[in-house]
*Asks:* 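Attaching a single structure in structure tokens format; questions to follow.
These figures come from a predicted structure and were not determined experimentally. Positions are given from 1, in the same order as the sequence printed here.
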Amino acid sequence: MSREHPQSAERSAPAATTKGGARPGAGSASGGAEAPFLELLARGAAAEAYEQPVLLARAEGMSAERITELERAKLLALRVRSELEGRRRREAELSALFETAHDLAGLRDLDAVLQAIVQRARSLLGTDVAYLSLNDPARGDTYMRVTEGSVAARFQQLRLGMGEGLGGLVAQTARPYVTDDYFRDDRFQHTHSIDTGVRDEGLVAILGVPLTLGHHVIGVLFAADRRARVFEREQIALLGSFAALAAAALDTANLLAETRSALAGLERANEIIQDRSAVIERASDVHDRLAELVLRGGGVHDVAAAVAEVLDGTVEFTEAAAAPAHALESSRAEGHAVRHGEDWIAAVAAGGELLGALVLRGHPGLDPVDQRTLERAAMVTSLLLLARRSAAEAEQRVRGELLDDLLDARDRDLRLLRERAVRLHADLDATHAVLAARLEGGTADADQEADARRRLWAAASHLAATGRGLAAARDGGTVLLLPLTPGDTATGLARRTARHLAAAVHEPVTVGASAPVEQLTARPDTVARAYAEARRCLDTLRLLGRSGDGSAAEDFGFLGLLLAGERDVAGFVGRTIGQVVAYDERRGTELLHTLDAYFACGMSPARTKDALHVHVNTVAQRLERVGRLLGDDWQSPARALEIQLALRLHRLSGLAPAPDRT
């Protein structure tokens, strides 16, 4: 839309008069009040120009009624102008998103696609700078991948530690964050290197949105200005859309790289299998047999049987733990089958991971051709095992995505959910129980804890797949949707699941179950409500000291009825600590966590700071903020008791109460 300076708009207003002597700019006494404004709309005049017809009418001494008509027409024209500008802006945004999606569909150069995303985001939001950072798992930090509008070399080469700066806050919470004054914002951790880079670039207002793949944040997309600025909700949503496209581009590039790598591995395996096949008839026979096995979907033991027939011996596949350790390690290190007594051992490995071994028994005299045959069979076996693992992981992801969609079914097409369930052999019309599972063997090492959670998810996914159910990782644990057999109870299913998962991950696992649920798709929130009940049951088990056990709400008598009932627990929590909860959600602070730790430490700031691993002054500042929110008497015995009860109910229910408005 073209924009005009108010003075130029005034000069361009028609100066001719009608027969009645009135200027068209003000509208004649007999003419419509809308006419001058329609002319302004038609030529895309600036907003200031819409005052001219009214000013002219007043200067010419028009009647008050006529001026009122012109005022109404002006307001209506400005509304139409604003609507037209909004539509043009939305058209431009949709066009940019479409062009970016088109670039993604024809992805050839990842850097070019990401550069286009950042450029379009900067242009549409009208910011001075836009940039994109990606996490580097190998180095444990974040680095700048693409910048647009940046002029400072230090800023363009910036690397940030995890959890540092505004980007660290976005990556930590997986939510957008915006600051209108970076250096005065204390919601995130400031560091010298980051602040120096931001200061070199001269940035003031910064908006960051997460790039997510599944439940994992892989980077952050930023838009920033060198002056104070308030980003509107629509602009935050637009940048989030560009972030989603950037994440899709990265995911596509990663999948292409993995596909190329897998194809390269298959091609190499095929080359090894075909090596000298034209010269050695027996090796050619092995190649044909193994290829046939792979094409018809044969398994590891089929490969062992085929090789045993060719070598005229007994060939077995064994797990890595059951094979002779020294011989297995030698075979893996050398890349060849090695002799062990009267047997030959060929390691089945992929990269640095040992998957098992092919053992040729009672055949000490093995010529080089037969040795090569055994080695080829071991390589094919590793490919089959990797293919089986990839297929299992893919099915686990699909089952997890279906359960995620059931939990969020209010925004999903229930007919499509049913079709997906049928393809996974899951019956949504059967009676099910929703179970929430969580590990109890906590560790201070974040990597070990993440690995334990992955093992829990893998074990739960296997249990769900074999039991015609679904499983997904959620809320730091795992959620399962399992069918109930006739005569079975939610309690019995929860206890069996706790024992099974604990045995699989070698750590205690606590499992809370919902009451039996029928017709999972009858209501959009059926599965979500059952999952909330299972989580409350899980929290109750842990609060009662029954960690590592499994149970359902029906086991707790009146307490279970309270947990599953429709009592106004949220109202009490809202009246008691709602302002603290709302403050945390609005500011991204940890007042609620600090308050909980303060009571758990006997209301001692010194012990509280040790529990939270912060400075005692930080605890004092947070408690001072709590006092301003809850009142000066919040530590009195009566109020403290109510607050502790509200904290526990808030933790049990998992609800976010509205703050008290009284």
*Asks:* On a heavy-atom basis, which atom in Ala471 and which in Ala460 lie closest, and how many Å separate them?
*Replies:* CB-O, 3.7 Å
*Asks:* Which atom pair, heavy atoms only, marks the closest approach of Ala530 to Ser514?
*Replies:*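 Shortest heavy-atom contact: O-CB, 3.3 Å.
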*Asks:* Return each pair, listed once, that meets salt bridge (Lys or Arg N to Asp or Glu O under 4.0 Å) where at least one residue sits in residues 210-223; pairs must be two or more places apart or across chains.
*Replies:* none
*Asks:* Less than 4.5 Å apart, side chain to side chain, heavy atoms only: is that true for Val217 and Leu211?
*Replies:* no
*Asks:* Between atom CZ of Phe599 and atom CD1 of Ile643, what is the distance when rounded to the nearest 0.5 Å?
*Replies:* 5.0 Å
*Asks:* So among Leu480, Leu493, Leu481, which one has a side chain to side chain contact (heavy atoms under 4.5 Å, CB included) with His432?
*Replies:*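 Only match with His432 under side chain to side chain contact (heavy atoms under 4.5 Å, CB included): Leu481.
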*Asks:* Answer yes or no: are there more than 12 heavy-atom neighbours, outside Arg586 itself, under 6.0 Å from its atom CZ?
*Replies:* yes
*Asks:* Under 3.5 Å, is there a donor-acceptor pair between the Asp225 and Thr127 side chains?
*Replies:*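 Side-chain D/A pair, Asp225 to Thr127: absent.
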*Asks:* Can you pull out every salt bridge (Lys or Arg N to Asp or Glu O under 4.0 Å) where at least one residue sits in residues 191-220? Sequence neighbours excluded, please.
*Replies:* Arg154-Asp200, Glu201-Arg226
*Asks:* Nearest 0.5 Å, please: how far is CD in Glu440 from CG in Asp549?
*Replies:*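 It is 10.5 Å, given to the nearest 0.5 Å.
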*Asks:* Please check if the side chain of Arg187 supplies one atom and the backbone of Thr589 the other of a donor-acceptor pair under 3.5 Å.
*Replies:*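 The answer is no, because no donor-acceptor pair under 3.5 Å joins these two groups.
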*Asks:* Evaluate Val118 against Thr147 for side-chain contact (heavy atoms from CB on, under 4.5 Å), listing each step before the verdict.
*Replies:* CA-CA 7 Å; Val118 173; Thr147 63; over 6 Å; no
*Asks:* For the atom pair CD (Gln621) and NE2 (His615), what is the distance rounded to the nearest 0.5 Å?
*Replies:*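 Answer for the CD-NE2 pair, Gln621 versus His615, is 10.0 Å.
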*Asks:* Among all residues two or more places apart in sequence or in another chain, which pass the side-chain contact (heavy atoms from CB on, under 4.5 Å) test with Arg474?
*Replies:*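 For Arg474, the residues satisfying side-chain contact (heavy atoms from CB on, under 4.5 Å) (neighbours in sequence not counted) are Asp404, Leu407, Asp408, Val479, Tyr531.
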*Asks:* Mind checking whether Leu207 and Ile236 have side chains closer than 4.5 Å, heavy atoms only?
*Replies:*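 Yes; the side chains approach each other to less than 4.5 Å.
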*Asks:* Step through it carefully: locate the ring centre of Tyr177, locate the ring centre of Phe231, and say whether they are under 6.0 Å apart.
*Replies:*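 No: the rings miss the under 6.0 Å criterion.
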*Asks:* Will you find, in the side chains of Thr576 and Glu642, an N or O donor that is under 3.5 Å from an N or O acceptor?
*Replies:* no
*Asks:* Please list all pairs meeting salt bridge (Lys or Arg N to Asp or Glu O under 4.0 Å) that have one or both residues in residues 608-624, counting only residues at least two apart or in different chains.
*Replies:*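 Matches after skipping sequence neighbours: Glu624-Arg628.
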*Asks:* Looking only at atom types and distance, does a side-chain atom of Thr212 sit under 3.5 Å from a main-chain N or O of His215, one as donor and one as acceptor?
*Replies:* no
*Asks:* In Å, rounded to the nearest 0.5 Å, how long is the span from CG of Leu160 to CG of Asn135?
*Replies:* 10.0 Å
*Asks:* Charged N to carboxylate O under 4.0 angstrom, Arg535 versus Asp475?
*Replies:*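 Yes, charged N to carboxylate O under 4.0 Å.
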*Asks:* Got a salt bridge between Arg648 and Asp596, using NZ or NE/NH1/NH2 to carboxylate O under 4.0 Å?
*Replies:*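 Between Asp596 and Arg648 there is no salt bridge, as every charged N stays at least 4.0 Å from the carboxylate O atoms.
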*Asks:* Whether the side chain of Gln235 engages the backbone of Glu232 through a donor-acceptor N/O pair (distance < 3.5 Å, no angle test) should be reported.
*Replies:* yes
*Asks:* Can you name the side chain to side chain donor-acceptor pair (under 3.5 Å) partners of Thr485, sequence neighbours left out?
*Replies:* none
*Asks:* Are Pro210 and Val220 close enough that some pair of their side-chain heavy atoms sits under 4.5 Å apart?
*Replies:* no
*Asks:* Working to the nearest 0.5 angstrom, can you tell me the gap between Thr608 OG1 and Leu623 CG?
*Replies:* 7.0 Å
*Asks:* Does any N or O in the side chain of Thr179 come within less than 3.5 Å of the main-chain N or O of Asp181, such that one atom is a donor and the other an acceptor?
*Replies:*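 The answer is yes, because a donor-acceptor pair under 3.5 Å joins these two groups.
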*Asks:* Please find the pair of heavy atoms, one from Asp180 and one from Arg229, that lie closest to each other, and give the distance.
*Replies:*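 Closest approach of Asp180 to Arg229: CB-O, 3.5 Å.
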*Asks:* Does the side chain of Val204 come within less than 4.5 Å of Tyr182's, by heavy atoms?
*Replies:* no
*Asks:* Would you call the rings of Phe183 and His190 parallel, tilted or perpendicular, where under 30° means parallel and over 60° means perpendicular?
*Replies:*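 Ring orientation of Phe183 relative to His190: parallel.
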*Asks:* Look at Arg496 together with Asp488 and state whether they make a salt bridge at an N to O cut-off of under 4.0 Å.
*Replies:*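 A salt bridge links Arg496 with Asp488.
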*Asks:* Restricting to non-hydrogen atoms, name the atom on Phe222 and the atom on Ser133 that form the minimum distance, rounded to 0.1 Å.
*Replies:* CE1-OG, 3.6 Å
*Asks:* Is the count of non-hydrogen atoms from other residues, nucleotides or ligands lying under 6.0 Å from Asp632 atom CG greater than 12?
*Replies:* no
*Asks:* In the structure I gave you, are the side-chain heavy atoms of Val517 and Val527 within less than 4.5 Å of one another anywhere?
*Replies:*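 Result no, sub-4.5 Å side-chain heavy-atom pair not found.
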*Asks:* OG1/Thr510 to CG/Asp539 distance, rounded to the nearest 0.5 angstrom?
*Replies:*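 The distance works out to 10.0 Å.
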*Asks:* Can you find a pair of side-chain heavy atoms, one from Tyr143 and one from Leu134, that are under 4.5 Å apart?
*Replies:*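 Yes, at least one pair of side-chain atoms sits under 4.5 Å.
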*Asks:* Are Tyr583 and Arg625 close enough, and set up right, to give a side-chain contact (heavy atoms from CB on, under 4.5 Å), and what steps lead you there?
*Replies:* CA-CA 10 Å; Tyr583 187 92; Arg625 171 62 66 183; 3.3 Å; yes
*Asks:* Between Trp457 and Ala473, which heavy-atom pair has the shortest distance, and what is it?
*Replies:* CD1-N, 3.5 Å
*Asks:* Counting C-beta onward and ignoring hydrogens, is there a side-chain heavy-atom pair between Thr191 and Ile194 closer than 4.5 Å?
*Replies:*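 With C-beta onward as the side chain, the pair touches.
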*Asks:* Listed by chain and number, what are the side chain to side chain donor-acceptor pair (under 3.5 Å) partners of Arg453, not counting sequence neighbours?
*Replies:* Glu449
*Asks:* For the pair Leu595 and Leu647, evaluate side-chain contact (heavy atoms from CB on, under 4.5 Å) and give the outcome as yes or no after the intermediate values.
*Replies:* CA-CA 9 Å; Leu595 193 57; Leu647 286 169; 4.1 Å; yes
*Asks:* Any side-chain heavy atom of His593 sitting closer than 4.5 Å to one from Tyr598?
*Replies:*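 Counting from C-beta outward, His593 and Tyr598 never come under 4.5 Å.
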*Asks:* Quick one: which of Leu501, Leu538, Thr478 gives a side chain to side chain contact (heavy atoms under 4.5 Å, CB included) with Arg438?
*Replies:* Leu538
*Asks:* Donor-acceptor check, side chain of Ser604 to backbone of Cys601, threshold 3.5 angstrom: yes or no?
*Replies:* no
*Asks:* Between Val505 and Ala459, what is the shortest heavy-atom contact and its length?
*Replies:*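 Closest approach of Val505 to Ala459: CG1-CB, 4.3 Å.
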*Asks:* Go through it in stages, so that I can follow the logic: the residues are Val178 and Ile206, the test is side-chain contact (heavy atoms from CB on, under 4.5 Å), and I'd like the CA-CA distance, side-chain angles, deciding distance and then a yes or no.
*Replies:* CA-CA 6 Å; Val178 62; Ile206 303 176; over 6 Å; no
